[in-house]
Amino acid sequence: MGVLKEFRDFAVKGNVIDLAVGVIIGGAFGKIVDSLVNDIVMPLISTLLGGHIDFTNLFIVLGTAPENVPHTYEALKKAGAPLFAYGNFITISINFILLAFVIFQMVKVVNKVRIMDAPPAPPAPPTPEDIILLREIRDSLKK
């Protein structure tokens, strides 16, 4: 019974619930970034490079390709052909960089909001009279 109570206390703590919400939102946000990369960024990069390059179909077949299989990434991958899929790696790398940049910007905004919402620091207490007197004595001895 003690273990179940400890687990319940752990599971309903605010940090665990916040983490769960963060993971769910992060998964949904990852899909948005995937769409941004695949549907907007990669076509722009492809056009800038002089044509309609499909980065997912940039690969090198390692060994021999199976007979009667179309020479596309998806078909060869399904057929089990060994592929050096550098185009897919480029797409995923750009996806990661964009996701990291957006999260970095979000953290900056949250930190600014936290600083604005934080209560102002209390004023420093006045310096005691004996410390002021000791400083004056020190300064006159230096002269």
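All heavy atoms count here, side chains included; hydrogens, waters and symmetry mates do not. Predicted, not measured: the structure shown is a model, and the values here were computed from it.
- Remark: L133 CG to R138 CZ distance equals 12.0 Å, nearest 0.5 Å.
- Here E136 contributes atom CD and L134 contributes atom CG; the two are 9.5 Å apart, rounded to the nearest 0.5 Å.
- Looking at every heavy atom in both residues, A75 comes nearest to V69 through O-CG1, 3.7 Å.
- The 12-atom threshold is exceeded at OH of Y86, counting heavy atoms of other residues, nucleotides or ligands nearer than 6.0 Å.
- Here OG1 of T72 is found 12.5 Å from NZ of K77. Values are rounded to the nearest 0.5 Å.
- Residues S35 and I40 have side chains not in contact (no heavy-atom distance under 4.5 Å, counting atoms from C-beta outward).
- M106 and V33 fall within the same hydrophobic cluster, defined by Ile, Leu, Val, Met, Phe, Trp and Tyr side-chain heavy atoms under 4.5 Å apart, directly or through other members.
- At a threshold of 4.5 Å between side-chain heavy atoms, the hydrophobic network of Ile, Leu, Val, Met, Phe, Trp and Tyr places I94 and L44 in one connected group.
- Cluster membership check: L58 shares its hydrophobic cluster with V41, using side-chain heavy-atom separations under 4.5 Å among Ile, Leu, Val, Met, Phe, Trp and Tyr.
- One distance of note links CZ of F84 with CZ of F89; it measures 9.0 Å at 0.5 Å rounding.
- Remark: E74 CD is loosely packed, at most 12 non-hydrogen atoms of other residues, nucleotides or ligands lying under 6.0 Å away.
- Put simply, I32 and I24 are part of two different groups of oily side chains (I, L, V, M, F, W, Y) that touch within less than 4.5 Å, one to the next.
- Taking 4.5 Å as the limit, some side-chain heavy atom of R135 sits within range of a side-chain heavy atom of T127.
- Here the side chains of F59 and H71 are in contact, with some heavy-atom distance below 4.5 Å.
- Tracing side-chain contacts under 4.5 Å through hydrophobic residues (I, L, V, M, F, W, Y), one never reaches L62 starting from L83; they form parts of separate clusters.
- Taken from CG in L141 to CD1 in I137, the straight-line distance is 7.5 Å, to the nearest 0.5 Å.
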